[in-house]
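Here the structure comes first, spelled out in C-alpha cells, and everything after it is commentary.
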Amino acid sequence: MLDTASGLKRTHNCGELNKKHLGKQVVLMGWVNVRRDHGGLIFLDLRDRTGITQVVFNPQISRGSHQKAEEIRNEYVIAIRGKVAERPPGTVNQNLSTGQIEVLAEELRILNQAKDLPFEISDKLELGEELRLRYRYLDLRRPEMREKLILRHRTAKTVRDFLDKEGFLEIETPFLTKSTPEGARDYLIPSRVNPGKFYALPQSPQLFKQLLMVAGMEKYFQIVKCFRDEDLRADRQPEHTQIDMEMSFVEPEDIFNLVENLIVHLFKSVLDVALKIPFPHLSYEESLKTYGTDKPDTRFGLGIVDISDLAGKTNFKIFTSALQKGGKVQGINAKGGGKLSKKDIKDLEDLVISQGAKGVAWFKVAEGSIESPFKKFFKGEELKELVSRMEAKDEDLLLFIADKDDVVTEVLGELRLELGRKLGLAEKGRYQFLWIVGFPLLQLDDEGRWDAAHHPFCMPYEEDIPSLEKEPGRVRAKTYDLVLNGKELGTGSIRIHFRELQEKIFKILGIGEQEMNSKFGFFLQALEYGAPPHGGIAIGLDRLVAGMGGWESIREVIAFPKTQKAICPLTESPSPVNSKQLKELHITIDKTAAPW
RNA sequence: GGGGCGGUAAUUCAGUUGGUUAGAAUGCCGGACUGUCGAUCCGGAUGUCGCGGGUUCGAGUCCCGUCCGCCCCGCCA
C-alpha cells in the first residue's frame, strides 16, 4: 500500500542543500536515482529537477525507515523527512553540488512505485532513439535531456523579454486557416460544419503578420508552431517552432540590427558567449561561387577556386572534355589534407560520385613535389601553376571536379563540408553567424515557369523592378537568410505593400485572375487600405537551440518529436479513426491506400 | 519515389567458411555487508535472432520480399 504525502510539505529541492543547512529539519520529495544497500546502512540518491541529494537510512536513527527503505527500487517516488548533516571526513562527493552534506532520514513515505525501467535514467548510456521516443517521459528524466529543455525554455523566455522591451507585441494567429502558398504541402483539417471544405494548418503566419502590419500593430512577434507536410530530416520536423517577427517602416538594415542585437543578448545571457556584430554579409551569388551552397559553414575556409582557364590549356582529357561540353573545372585546397589515407580519399571519391560527379582528380603536395595518379597527364609547368593558383603548401591535398556548372558547384560544396568534418575543422563551441543577401526574386522551375525563390510577397530592389517584364531572373529581392555554422536559421524579407506590384508578381508566377481572387482576394484588398511598408523574419527556434548546444538533430530539443516516418512512437499517432468520426466529417477512406 | 547503414536478452553489443545447448557487459531477482556514491562479494533467471517466404540434412549467418529506425537525395524552412 502506498503512502500519502499529506501532512508533509516539501521544504527544499534536492539540488540546493549545503553546509548552511546543517542541523535543519528538511522534507524532500523526488525520484530514487539509485539505492546502495550496505545491509546496516542504506544510501540513496534522491533526484528532482534541480539535482541530487544523498539520503542515509540508519537503523539507530529510525529503525522503521531503514526497514522500509529495503523495499525501495529505482525511480520510486518518495518523500523523506530528516536532518541535514555534514558528511564524515573522506566521504565528500566532489561531483555533487550537495556533496558536502547528506540527509539522515527520520521518516520515509513511498508515494509511488516504479516497474523495472526499459533503460537506466543516466547520461552514460547510448540508447536507440526509437526506444527513447517510446518512453520519452523517462528519456526526459535524464539530466542531459532536462538541460536541453531548460536551454530551450531560457531561450524562448529571453527572446520574449527582449522583444517586449523593444516594443513588440506577441499576437496569436489562427491554426485553423486557409492554405497559403509557402510552397510546401499543407496539413489539411476537414470542416464538419462545412462539408467538403478544409482548413489548412499554417506553414507560417505569413499573411496574418502582414495583415497585423496593415492593422497598425507596427511591431509583432510570436513564438509559434508552423506545419509542413514534407519528408523529415535531422533538422526538419512536420511541426516546427518559429520566432516570427514583423515590423512596419523598416528596411533590411533594421531587421539585421534587431536580430543581431537579439542574438548577441541571447548568447550572452543564456550561454555566456560573446558574439561580434555586425554579422558578415555574403551575397547569394558569392556564397554559391565560394562555398557551393547558400548556407555555408564559415567556421573554416577551403573555398572553391575556379581553374577552368588553366585546365583548358592542359592535355588532361577529363578537364578538357568537360570544358568542351560547356562545363567548368574547380577545386578545393584541403589544407593539411596530405595526411589523409588512400582509404580516406577513396571515401571522398565515393561521396563525390554519390552526389552526381564522375570522379575527383586529386594531388597531394609534399616537400615541393606532387603525388597523384593524374600527375603524368600534366607538364611540370602546369603542375607548378596549379600549386600556386591553389596556394598549396606541403601537406595540402588538392581536389578537382570537372563537370557541368551546377554539378561542380554542388558537389564541391558537399566535398568541402566532408573535408571540414574529416579534418576536424568545424569546431564545436564556435558560432559563425552570417547573412546571405541578394537572393533572386524568381527562379525557373523544372517546367520552365517562374517560381518565387522564397515566397511571392518579397519586395524586389527598386532599381530591379523595371527588369521584371523582360528579365525576371535578374531581379533581386530584399530577402535575407540568417545562417549559423552551415545551417539555415531563418529567412526574411521586406514585403510588397501595394496591390499593383503584388498583382504583377502573382501574374508572373502564372496565377490567374480567378485564382488570385479566390486565394488572395482578402489580402490584396487589405493592401488597398493604407498598408504601411513592412518586413520581417522568422527564425527557427528548434534549429537555433540545437545550434546553441551543438546538437545535430532538432529532435534533441523537442520534447515529443516524430520519427522520419512522421510517427510518434509514444502516442502511436497518426492512427485510424472510427467510422462515426469520418462520417461526421463527410470523408471516405480509399481502402486500397489504407487497407486496415 | 530513390541511395546508404542498422534491427540478436530489459539495454548496449559480439556471434568466424552455414554446424551441437546463441554469448558478454550492464540492468533485474535472491543472499551477505554500517560509509557507499558507476558500491562490493556470492548465487540466479531472462531470447518470436524485426516479420514472411525460399535454398539446405542443417539458417542468427545465404537468397527474395516486407516492416521499422537513422543519415542523405528528391521534396522542403
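Just so it is clear: chains get the letters A, B, ... in the order the sequence lines come, proteins before strands, and each one is counted from 1.
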Does [X] put a side-chain nitrogen or oxygen below 4.0 Å from OP1 or OP2 of [N]?
X        : N     : value
A:Arg36  : B:U36 : no
A:Thr563 : B:G69 : yes
A:Arg233 : B:C73 : yes
A:Asn33  : B:G38 : no
A:Gln242 : B:A77 : no

Spacing of [X] atom [atom1] relative to [N] atom [atom2], expressed in whole Å:
X        : N     : atom1 : atom2 : result
A:Asp231 : B:C71 : CG    : P     : 13 Å
A:Phe227 : B:C76 : CZ    : C1'   : 16 Å
A:His66  : B:U34 : NE2   : C1'   : 8 Å
A:Glu130 : B:U12 : CD    : P     : 11 Å

Is there a Watson-Crick or G-U wobble partner for [N] with both distances under 3.5 Å, and which nucleotide is it?
N     : value
B:C37 : none
B:U46 : none
B:C57 : B:G19

Donor-acceptor pair under 3.5 Å, A:Arg236 side chain vs B:C75 base: yes

Side-chain ion pair, A:Arg160 and A:Glu170, N-O less than 4.0 Å: yes

